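Encoded as structure tokens, the structure appears first; notes follow it.
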Amino acid sequence: MFASFSAWSARGRGSARLAAGALVSGLVAATALAGAGTAVADSDGTAPGHGGAAATLGGLKTYGEAVIRGAAGDQRVSAGLFEMSVEGGGMLQTYCVDIQTPTQKDAKYHETAWSGTSLGTNKDAGRIRWILQNSYPQVNDLAALAEKAGVRGRLTEQDAAAGTQVAIWRYSDDVDVDAVDPQAEQLADYLEKNARGQAEPKASLTLDPPAVSGRPGERIGPVTVRTDARSVTLSPPADATTTGVRIVDRDGEPVTTAADGGKVYFEVPEDAAADTAELIAQASTTVPVGRAFASDSRSQTQILAGSSESTVSATATATWALEGAIPALSARANCAKGGVDVTVTNRDDEPFTFELTGAEYTVAGGASRTVTVPLSEDQPYDFTVEGPDGFERRFTGMLDCRTRAAETGTTTQTLTGPSPTALAAPATDTNLAETGASGATPWIAGTAIGLVVLGGAGLVVARRRQTPPGA
């Protein structure tokens, strides 16, 4: 199974990209309008937006063992590749980039930019991508990998996965960690020493901007398609037949597909009442190696190591009104600033004034403004943008910008057994292993060290890995 999966994911070896599939994944959209000139959002909160793949964590599938070196002693963890199933079709293989945070069974993940995770502030994030591109499963000829890395002895899939994960942890979590198997440790040392910085990969699919606004009787936009898929399917608003809203190109011709860089518009009838409409973009592609995957369930952040052909999607929303303010709102996590960026674009001629977390801001006509809302790490947030005439837009979610070790200054907590912590009910699948902490208690066969409970009883890092020569 893993040999064929690895072959799917070999983007650098000329694998073809295919187009198909259907999945809706939320990007933050503009505020709905209820009556001319008045914007009122629904009462439910909206999380900062994402585009790309959405997936459910299956568990740790190919792995070996590693040892965390700490002042209070050594702790063993499982180290290797996770599998995630993509909503709408597809499979992903990922490594962990937050060793101390537990995985949650069946946690929902979404593709996101590095800036929305701990990778955004990690100067070595590019080295992690190099490791991913130059090791297993991207390199699935294990004999060739072993020879290049100077590994003495046979390198198994478990060794390759463990060694790759250990090398990643040394850069993602700054922990003193070694692989138990000698072959895996030799691979980890080679990858750590030779890793070089590489650029962040682009998203598999986004719509930019995710929210636009304008007046009835005009084409509202443009919205630009950004993707590595060969073709993207564009679905018009669900009620398009009754509202008359169309998705068109710059010449006003209806469009149902687009390619990377394509620009599309919402064409709104001149007599349309104030309202909002949503465009859904869908495609199928292999998600770029190195893309981050985050979860709002406090399950450890993952980084993509391999992808089959997978469903990806994004949404964009248009808002219009005959008169008054017609702001378009979007939001995105900004870990460099420790908060969420709220961007307000004002298409009206008159200034638009809004209140956010107790402060007042004004956006000039035809301009946009971004306000960063500072938030607490790993804590749920809930804030609302308020404007004149009952304008409201609520945002909810949770910021996860730092690894647990960076927060506490301690080393990792270890796993106990093969079942990640259940989200809603006790786990029944005893065939899934994990890295990081867990609330589960069964033992993994061959693993002798149990869980150190998450909290204040962390271990002080004994020594930090030195930056490789030539950095």
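Note that the numbering runs from 1 along the sequence shown for the chain. As the structure is a prediction and not an experimental result, all values here were calculated from the model.
Without hydrogens or angle criteria, Arg129 side chain to Ala199 main chain gives a donor-acceptor distance under 3.5 Å. Judged by distance alone, with hydrogens and angles left aside, the side-chain atoms of Thr311 form a donor-acceptor pair with the main-chain N or O of Gly88 at under 3.5 Å. Asn334 places no side-chain N or O within donor-acceptor distance of the main-chain N or O of Gly339, the cut-off being under 3.5 Å. Here the side chain of Trp130 pairs no donor or acceptor atom with the backbone of Leu191 at under 3.5 angstrom. For Thr285 (side chain) and Val287 (main-chain N/O), no donor-acceptor pair under 3.5 Å exists by modelled atom type. At least one donor-acceptor pair under 3.5 Å links the side chain of Arg170 to the backbone N or O of Val177. In this structure, the side chain of Asp159 does not engage the main chain of Leu155 through any donor-acceptor pair within 3.5 Å. Remark: the backbone N or O of Ala195 is paired with a side-chain donor or acceptor of Arg127 at under 3.5 angstrom.
Looking only at atom types and distance, the side chain of Thr94 has a donor-acceptor partner in the side chain of Gln302 under 3.5 Å away. A donor and an acceptor atom, one from each side chain of Ser299 and Tyr109, are located under 3.5 Å apart. Side-chain contact of Ser204 with Glu111: a donor-acceptor pair under 3.5 Å is present, judged by distance alone. A donor and an acceptor atom, one from each side chain of Thr286 and Ser307, are nowhere located under 3.5 Å apart.
Trp169 is listed as a side-chain neighbour of Gln165, based on a closest heavy-atom distance under 4.5 Å. The closest side-chain heavy-atom distance from Ile68 to Asp74 is not below 4.5 Å. Put simply, the side chain of Thr317 does not reach to within 4.5 Å of the side chain of Pro210, judged on heavy atoms. When side chains are defined from C-beta on, Ile280 does not count as touching Leu234, because their heavy atoms never get closer than 4.5 Å. Val363 places a side-chain heavy atom less than 4.5 Å from the side chain of Phe354. Looking only at side-chain heavy atoms (C-beta outward), Val180 and Arg76 come within less than 4.5 Å of each other. Annotation: side chain of Gln138 is in contact with side chain of Val289 (closest heavy-atom distance under 4.5 Å). Inter-residue side-chain proximity for Leu119 and Ile303 is flagged as met; some heavy-atom pair is nearer than 4.5 Å.
In plain terms, the two heavy atoms of Ser231 and Thr257 that are nearest each other are OG-CB, 4.1 Å. Taking each heavy atom of Ala283 and Val232 in turn, the nearest pair found is CB-CG2, 4.0 Å. Taking each heavy atom of Asn122 and Tyr171 in turn, the nearest pair found is ND2-O, 3.0 Å. Scanning both residues, Leu356 and Thr384, for their nearest heavy atoms gives CD1-O, 3.8 Å. Counting all heavy atoms, side chain and backbone alike, Leu142 lies closest to Ala160 at CD2-CB, 3.9 Å. Here the closest non-hydrogen pair linking Val225 and Ala258 is CG2-CB, 4.0 Å.
Atom CG of Asp208 and atom OG of Ser330 lie 9.0 Å apart (nearest 0.5 Å). Leu57 CG to Lys105 NZ: the interatomic distance, rounded to the nearest 0.5 Å, is 8.5 Å. The OG atom of Ser308 sits 6.5 Å away from atom CG of Leu92, with the distance rounded to the nearest 0.5 Å. For the atom pair NZ of Lys337 and OG1 of Thr121, the computed distance is 14.0 Å after rounding to the nearest 0.5 Å. Atom OG of Ser78 and atom CD of Gln158 lie 11.5 Å apart (nearest 0.5 Å). Atom CG of Leu81 sits about 6.0 Å away from atom OH of Tyr136, to the nearest 0.5 Å.
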Run the side-chain hydrogen bond (donor to acceptor under 3.5 Å, both in side chains) check on Ser284 and Glu309 step by step: do they pass?
CA-CA 6 Å; Ser284 189; Glu309 179 192 355; 3.0 Å; yes
Give the intermediate values and the outcome of side chain to side chain contact (heavy atoms under 4.5 Å, CB included) for residues Lys61 and Tyr63.
CA-CA 6 Å; Lys61 296 297 186 179; Tyr63 60 94; 6.0 Å; no
Between Leu132 and Ile168, does a side chain to side chain contact (heavy atoms under 4.5 Å, CB included) hold up when you go through it step by step?
CA-CA 8 Å; Leu132 294 167; Ile168 289 171; 3.7 Å; yes
Evaluate Leu304 against Tyr95 for side chain to side chain contact (heavy atoms under 4.5 Å, CB included), listing each step before the verdict.
CA-CA 7 Å; Leu304 188 73; Tyr95 288 106; over 6 Å; no
Go through Met84 and Gln93 one step at a time and tell me if the side chain to side chain contact (heavy atoms under 4.5 Å, CB included) criterion holds.
CA-CA 6 Å; Met84 292 198 284; Gln93 286 179 307; over 6 Å; no
Take Thr164 and Ser135 through the side-chain hydrogen bond (donor to acceptor under 3.5 Å, both in side chains) test and state the conclusion after the steps.
CA-CA 7 Å; Thr164 305; Ser135 191; 2.7 Å; yes
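Looking at Val344, Thr343, Thr319, Thr345 one by one, the single match for side-chain contact (heavy atoms from CB on, under 4.5 Å) with Leu329 turns out to be Val344.
Using a 4.0 Å cut-off between a side-chain N of Lys or Arg and a carboxylate O of Asp or Glu, Arg152 and Glu185 do not qualify as a salt bridge. Between Arg226 and Asp260, no side-chain nitrogen of the basic residue sits less than 4.0 Å from a carboxylate oxygen of the acidic one, so the salt-bridge criterion is not met. Salt bridge absent: Asp341 and Arg332 never bring a charged side-chain N and a carboxylate O closer than 4.0 Å. Between Asp124 and Arg196, no side-chain nitrogen of the basic residue sits less than 4.0 Å from a carboxylate oxygen of the acidic one, so the salt-bridge criterion is not met. Ionic pairing of Lys202 and Asp228 is not present here: no N-O contact between side-chain nitrogen and carboxylate oxygen is shorter than 4.0 angstrom. Ion pairing between a basic and an acidic side chain is recognised when a charged N comes within 4.0 Å of a carboxylate O; Glu200 and Arg291 show such pairing.
Identified under the salt bridge (Lys or Arg N to Asp or Glu O under 4.0 Å) test for residues 135-151, with sequence neighbours left out: none.
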